[in-house]
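Letters go in sequence order (proteins before strands), and every chain restarts at 1. Reckoned from all heavy atoms, side chains included, excluding hydrogens, waters and symmetry mates.
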2 protein chains.
Amino acid sequence: MVGQPVSRRERYRAETREEAKGIALRQLAEGGTGAVSLNAIGKEMGITGPALYRYFASRDALLTEIIIDAYSDLAAATEVVAARQGDDVAPQERLRALAEVIRAWALTQPHRYLLLYGTPVPGYVAPDDTVPLARRVLVPFLDALSALPVMGAIPGSRLAVLEAQLATWVRATDPHMVGPVFRRGLVWWTRLHGLISLEVEGHFASMGFDPALLYDTEIDALLDG
Amino acid sequence: MVGQPVSRRERYRAETREEAKGIALRQLAEGGTGAVSLNAIGKEMGITGPALYRYFASRDALLTEIIIDAYSDLAAATEVVAARQGDDVAPQERLRALAEVIRAWALTQPHRYLLLYGTPVPGYVAPDDTVPLARRVLVPFLDALSALPVMGAIPGSRLAVLEAQLATWVRATDPHMVGPVFRRGLVWWTRLHGLISLEVEGHFASMGFDPALLYDTEIDALLDG
DNA sequence: GTGCTTGTGTTAGAATATCTAACAAATGGA
DNA sequence: TCCATTTGTTAGATATTCTAACACAAGCAC
C-alpha cells in the first residue's frame, strides 16, 4: 500500500485529484454521468475549468478513473466479508453473506453500481479491461463455491458442454479453478445482478413487495440448485 | 390502429417526427444516449436545429418517446410469439420461445434494450410510468406461467410471504392473477434480465463461452424449479 | 380569390460544455 | 540564485440546448 516517497507536490496533486473525484461522484449521484462536468468541478473547487485538465486528461479519463475506483471498492467490500467469514463458516453462509454485501453496497450507492454494471457509456474503460476487474469481485464467490460439493453434470448435457467451454478458458487464467465451479459463479453473478439491477433502477417501484425478500428467496434457490 | 382523419399537415408532421426519431435511434446506436442531438438531427434532415423544437418539446421529450416506442416494440415482439404459440403448445415451450425472443430482440438492438433496462437517465420517463409498460412485456410470460401446475409454497416460508405480498398488489391490477404466478414471473424477469444485460453490456466478452448456451441452461433451471 | 389564423421555418443570442493554445506565476531543487 | 517544472490563468474554437423574435407559407372561412 505504501508508495514511493512522495514529495510535497505529489501530495498536493493527489489531494486535488481526490477532491475533484469526490465532487464528480456527487455530481454522478445527483444527475448521472451526464451531470459530471470538469468545468463545474473546477468552479466548485475555486479554480477555472481548464486548470483541471492538468489533473485529468479529459472528462472520459476522469470517469474511467471513477469506474476503476468503484470496481476496486466493491471488490474490497466482498474481500472484507470473505476474510471475516473464515474457512470454519459453512460455504452456504459465506455465499449468503457475500450476496448480501453486494446488494447493500449497490443500494447505498446506486449510481456507482450502475456505473459498473449499467449501460456502458462509450469512451470509457475498454471492455477488455473490465473483465479482470469484474473477476476480482467474483473471486470470493468462487472460493466459497469451491468449498461446496460439486455434483457432476450429465455427460453430453448442455451443462456439461458449458462447463467444458469454461474449463478451457479458466485453466489459462487460474489453474485451481474448474469448469463447474466457474459455471456456478457465473450463475450467481447473473442472477444477483438481475435482481440488484432492476431494484436499483427503480423497476420494482410501487409493485408492493419487499425486494429484500425476493433477493433472499433467490439466494435460497441458488443454494438449493 | 386507424386514427382520426389526418389532414395533409398532420401527415407531414408525423413523417418529420418519424424521420427525426429514426436518426435519433441511429445516433443512439452509434454513441449512446449522449450522442443524441437535436441540432445534429436537424442538420442531417436539412433544417436548422431550433426547427425541431416545433416537433419535440425538448431533447428529453424525444428520448422519452424513443423509450416508449422501444417498450411497445418489445411488447409487440413477445405478443407475436405468444399469439403464434397457441394454447395447444406446452407452456414450457411457450416460455422458452418467449425467453428466446427477448434475448434475440436485445441482441439485435442492444442500445434499445439498455434504454429500457439499463441505467435510467434522469429527466426521462418517470419510474411510475414505466411499470405498466414493463408489465405489458411480462404479460405473455404470466399467461404461460398460469398454464403451469402451481406447487404451493410451504406456509410461513419466505416464498409464501413474498407471494402473499404480491397477491395483494396484483389483485388490484389484474383480478385473474395470483401471487405464485406473479412471483414466478418476477423470477423469470430478473434472471433473464441479468443474463441479457451482462451479455449486451459486453461483460462476457473474451470469457470463452457461448452466452446462448448459458442462457439455455438457465431457462432449463427456470423450467425445472 | 381575399384575408386571417395557424403552422413551420429562419436567424440571433444566452448559457454551458469540452478542450487547446499561449502566457503568467509560483514552487522546488541544483 | 537561477532555472526547470508544475500549476494556474485567459482567450478562443466548437459544440450543445433552448428561447425569442421574426418571416413566410399553407389551410380555411367568407
Which whole-number value in Å describes the distance from [X] [atom1] to [N] [atom2]?
{"X": "A:Arg17", "N": "D:dT7", "atom1": "CZ", "atom2": "P", "value": "11 Å"}
{"X": "A:Leu52", "N": "D:dT7", "atom1": "CG", "atom2": "P", "value": "12 Å"}
{"X": "A:Lys43", "N": "D:dT10", "atom1": "NZ", "atom2": "P", "value": "13 Å"}
{"X": "B:Ile47", "N": "D:dC24", "atom1": "CD1", "atom2": "P", "value": "19 Å"}
{"X": "B:Glu10", "N": "D:dG27", "atom1": "CD", "atom2": "P", "value": "12 Å"}
{"X": "B:Phe56", "N": "C:dG9", "atom1": "CZ", "atom2": "P", "value": "12 Å"}
{"X": "B:Arg11", "N": "D:dG27", "atom1": "CZ", "atom2": "P", "value": "10 Å"}

### Task
Take nucleotides 18-28 of chain C nucleotide by nucleotide from the 5' end and write B, S or -, depending on whether a protein heavy atom sits under 4.0 Å from the base, only from the sugar-phosphate, or from neither.
BBB-B----BS
### Message
With rounding to the nearest 0.5 angstrom, report the CH2 to CG distance, B:Trp188 to B:Leu98.
### Response
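Taking CH2 in B:Trp188 and CG in B:Leu98, the distance rounds to 8.5 Å.
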### Message
Assess whether a salt bridge exists between A:Asp143 and A:Arg94, defined as any Lys/Arg side-chain N lying under 4.0 Å from an Asp/Glu carboxylate O.
### Response
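No, no charged N to carboxylate O under 4.0 Å.
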### Task
Report yes if at least one side-chain N or O of A:Tyr55 is closer than 4.0 Å to OP1 or OP2 of D:dT6; otherwise report no.
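For D:dT6, neither OP1 nor OP2 has a side-chain N or O of A:Tyr55 closer than 4.0 Å.
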### Query
Under 4.0 Å: is that the gap between some side-chain N or O of B:Thr48 and OP1 or OP2 of C:dT10?
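So the side chain of B:Thr48 is within the cut-off, an N or O lying under 4.0 Å from OP1 or OP2 of C:dT10.
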### Message
Testing the basics here: between A:Ala106 and A:Tyr113, what is the closest heavy-atom pair and its distance to 0.1 Å?
### Response
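Nearest heavy atoms, A:Ala106 then A:Tyr113: CB-CD1, 3.5 Å.
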### Task
Check B:Ser37 against B:Gln27 and note the closest heavy-atom contact, atom names and distance.
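That closest heavy-atom pairing would be N-OE1, 3.0 Å.
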### Query
Do the non-hydrogen side-chain atoms of B:Lys21 and B:Leu25 ever get within less than 4.5 Å of each other?
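Result no, sub-4.5 Å side-chain heavy-atom pair not found.
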### Query
Is any side-chain heavy atom of B:His111 less than 4.5 Å from a side-chain heavy atom of B:Leu114?
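No, every pair of side-chain atoms sits at 4.5 Å or beyond.
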